[in-house]
Every structure is written in structure tokens, then in C-alpha cells.
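Working notes, structure below.
Sequential numbering from 1 along the given sequence is applied to the chain's residues. Heavy atoms only: backbone and side chains are in, while hydrogens, waters and symmetry mates are out.
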Amino acid sequence: MEITLYRTIHVKTPDEKVITLQKPFESSTIPQKGDFIKDSMFVNPDKIEVISVDKNEAEQTVAIYLRPIEMNYATDEHNQNMVNAYKANGWSSDVY
């Protein structure tokens, strides 16, 4: 089944930016709400919690939403560097 992980980064700046990251993959195992995700991007996977699961049986896809990241302040360069780290681990971004 096609599974896509989603994670958002909420950057609290005067402009307040939201960055959405996603990573598709195939798996026969579907994580459930409250499970913890392991991924090459996460140093400490026991803190990456699934907060919701949206199954589309007709299309045989599953969207897995992970606990968002909240940052009080980050420069655009810092945001790009973080997104680049996710991209290096197979994720894509809607912003960069």
C-alpha cells in the first residue's frame, strides 16, 4: 500500500511560515495513531509520534500525519537548511 508521511514545521516569525514536508513509500504495515515512526531523518525516533491516520481504501493510499515541529524563530537560511536535511533523507517540501 502507498503510504505518505506528512510533517509540518510552524515557524513563529513576524511572517509566520508553515512548511509542509512529505515522504511517500510502500509498506504492508500501516502505523496507527500513537505509534512512533522510525526514519533516517530522525535521530530519536521514539519522539516522532503519529497524530492521525487517513486511509483511502478506494485508492489504496494512507496519509500518516506526524507531530508538527514548532520553532519560535528561524532565519530563512535555517529553514532551507532544515528542509535540505529532510530532502537528503527522501522527503519533499512545498516551500523549498
Exercise for the section: Enter the distance from Gln22:CD to Thr8:OG1 here, rounded to the nearest 0.5 Å. Expected result: 12.5 Å

Completion exercise
To the nearest 0.5 Å, atom CD1 of Ile48 lies from atom CG of Asp35 at 13.5 Å

Side-chain donor/acceptor pairs under 3.5 Å, residues 55-65, sequence neighbours excluded:
from: Asn56; atom 1: OD1; to: Ala58; atom 2: N; distance (Å): 3.2
from: Asn56; atom 1: OD1; to: Glu59; atom 2: N; distance (Å): 3.0

Exercise for the section: Keeping the roles fixed (side chain from Asn84, backbone from Gln80), state whether a donor-acceptor pair exists under 3.5 Å. Expected result: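 Yes, Asn84 side chain to Gln80 backbone: donor-acceptor pair under 3.5 Å.
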
Could you check if a side-chain atom of [X] sits within less than 4.5 angstrom of a side-chain atom of [Y], using non-hydrogen atoms only?
X: Lys12; Y: Met71; value: no
X: Thr75; Y: His78; value: yes
X: Val18; Y: Val11; value: no
X: Ile51; Y: Leu66; value: no
X: Phe42; Y: Ile37; value: yes
X: Ile19; Y: Val83; value: yes

For residues 85-96, please give each side-chain donor-acceptor pair under 3.5 Å, one per line with the distance, not counting sequence neighbours.
from: Tyr86; atom 1: OH; to: Arg7; atom 2: NH1; distance (Å): 3.2
from: Lys87; atom 1: NZ; to: Tyr96; atom 2: O; distance (Å): 2.6
from: Asn89; atom 1: OD1; to: Ser40; atom 2: OG; distance (Å): 2.8
from: Asn89; atom 1: ND2; to: Ala85; atom 2: O; distance (Å): 2.9
from: Trp91; atom 1: NE1; to: Asp39; atom 2: OD2; distance (Å): 3.1
from: Ser93; atom 1: OG; to: Val95; atom 2: N; distance (Å): 3.0
from: Ser93; atom 1: OG; to: Tyr96; atom 2: N; distance (Å): 3.4
from: Asp94; atom 1: OD1; to: Thr20; atom 2: N; distance (Å): 2.9
from: Tyr96; atom 1: OH; to: Lys17; atom 2: NZ; distance (Å): 3.0
from: Tyr96; atom 1: OH; to: Asp76; atom 2: OD1; distance (Å): 2.3

Exercise for the section: Determine whether Tyr6 and Val53 fall in the same hydrophobic cluster, where Ile, Leu, Val, Met, Phe, Trp and Tyr are linked whenever their side-chain heavy atoms lie under 4.5 Å apart. Expected result: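 Per the 4.5 Å side-chain linkage, Tyr6 and Val53 are not co-clustered.
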
Practice task
Please check if Ile30 and Phe25 belong to a single hydrophobic cluster, counting links between Ile, Leu, Val, Met, Phe, Trp and Tyr side chain heavy atoms closer than 4.5 Å.
Solution key: yes

Handout entry: Residue pair Met82, Ile9: steps toward the side chain to side chain contact (heavy atoms under 4.5 Å, CB included) verdict
Key = CA-CA 10 Å; Met82 187 179 335; Ile9 302 172; 3.4 Å; yes

Exercise for the section: Answer yes or no: does atom CD of Glu26 have more than 12 heavy-atom neighbours from other residues, nucleotides or ligands under 6.0 Å? Expected result: yes

Handout entry: Neighbour count above 12 (heavy atom, 6.0 Å) for His10 NE2
Key = yes

